[in-house]
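What follows is a single structure, written as structure tokens, with notes after it.
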Number of protein chains: 2
Amino acid sequence: MRDDLYQLDEAATDAVFQALASRERRRLLDLIRGNPGCIVADLLSAFEMSRIGVLKHLRVLEEADLVVSEKAGRERRLYVNTLPLRAIHRRWSDEFDDFWAGKLLDLKDKIEAGS
Amino acid sequence: MRDDLYQLDEAATDAVFQALASRERRRLLDLIRGNPGCIVADLLSAFEMSRIGVLKHLRVLEEADLVVSEKAGRERRLYVNTLPLRAIHRRWSDEFDDFWAGKLLDLKDKIEAGS
DNA sequence: CTCATAGGTAACCAATAGGTTACATATTTG
DNA sequence: CAAATATGTAACCTATTGGTTACCTATGAG
């Protein structure tokens, strides 16, 4: 799919941010990104929690379409799908352009200084 | 504060993504961004839920440091703080640079096509 | 075939999130 | 001062989340 045709609706955006709102899941995502094609079992040693706990976090990432998988025999190969992150990145770049460019005041500092 | 000195720790990152993982809160953020200095009461008409509901969402945004406020008499003026978003934007730009640049395969398409 | 391995499902439980109503406080206005 | 306005807190309820143990299924290896 072409990068710029990928759009997230509100529900998908909810799912992506919700998925990212957990340290464990962000770590999972990093591990898979660093080891594309790894299988579920490869991930377990990195976590304290039970296998089922990891599986559930993985499911959340998959439902947010941040991770995709490919069944290979009795194993499942995991990959990060970057399109949702790129879609958010692109949208923010558009919406917050003035902010990114530093054209607007940093209002927090202004307030804290008593303006 | 200088843009590139602002860093989010893991707990702060949790809070930011959690705050963004709600349509209502993203809408709230958009409203405040579009009306900097607006007061709480200004926001209420845009929502179905009770005032307290809106206040709670607002609190979540404030705890994530995405919204800051300034007390003015009996009113409270609200502003978006863009630093957390910029920090995430910047971190992604670093970490996912290869992906942003489109240098890596789109693994999902590859998988769906049966590789 | 037998059994170990990789993975998944079901049912449950405690904690958190998202909302409510009722009440309280502080500030402006007449 | 009295009343209206702007906001905040407390207590409560329901649904969702994050985790568990126990059990089930499918595949690969000897």
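From a predicted model like this one, the values you see are computed outputs, not experimental measurements. In what follows, chains are A, B, ... by sequence order, proteins preceding strands, each numbered from 1.
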Take atom CG of B:Leu55 and atom C1' of C:dA22, then tell me their distance rounded to the nearest Å. 15 Å
Taking atom P of C:dT27 as reference, at what distance in whole Å does atom CD1 of B:Ile39 sit? 15 Å
On DNA chain D, does the nearest nucleotide to B:Leu44 precede the nearest nucleotide to A:Val60 from the 5' side, or the other way round? Give the residue. B:Leu44
Out of C:dG7, D:dG18, D:dT7, which has the shortest distance to the side chain of A:Ala41? C:dG7
Please report, rounded to the nearest Å, how far the C1' atom of D:dT16 is from the NE2 atom of A:His57. 14 Å
Side chain of B:Arg76: nearest nucleotide among D:dG19, C:dG18, D:dT7? D:dT7
Value in whole Å for how far the P atom of D:dG18 lies from CD of A:Glu48: 18 Å
Distance to the ring centre below 6.0 angstrom and angle to the axis at most 45 degrees; does that hold for A:Arg33 and A:Tyr79? no
Counting heavy atoms not belonging to B:Glu10, are there more than 12 under 6.0 Å from its CD? yes
When the distance from CG of A:Leu61 to C1' of D:dT17 is rounded to whole Å, what number comes out? 14 Å
Looking at B:Leu83, B:Val60, B:Val80, B:Leu29, which hits side-chain contact (heavy atoms from CB on, under 4.5 Å) with B:Leu66? B:Leu29
With the threshold set at 4.0 Å, does a side-chain nitrogen-carboxylate oxygen contact exist between A:Glu62 and A:Arg59? no
Tell me whether the OP1 or OP2 atom of C:dT20 has a side-chain N or O from B:Ser50 closer than 4.0 Å. yes
Interatomic distance, B:Phe47 CZ vs C:dG19 C1' [rounded to whole Å]: 14 Å
Whether each nucleotide of nucleotides 23-30 of chain D has a protein heavy atom under 4.0 Å at its base (B), only at its sugar-phosphate (S) or at neither (-) is summarised, 5' to 3', as ----BS--
Between CD of A:Glu24 and P of D:dT20 the distance, given in whole Å, is 10 Å
Nearest atoms (heavy-atom pairs only) where A:Leu8 meets A:Arg91: O-NH1, 3.7 Å
Comparing nearest nucleotides in DNA chain C, the 5'-proximal residue of the pair A:Glu62, B:Val54 is A:Glu62
Does the ring of A:Phe17 carry B:Arg26 above it, NZ/CZ under 6.0 angstrom from centre and within 45° of its axis? no
Under 3.5 Å: donor-acceptor pair, side chain of A:Asp9, backbone of A:Ala12: yes
In whole angstrom, what separates A:Met49's CE from D:dT17's C1'? 12 Å
From D:dG18, D:dG19, C:dT21, pick the nucleotide closest to the side chain of A:Lys56? D:dG19
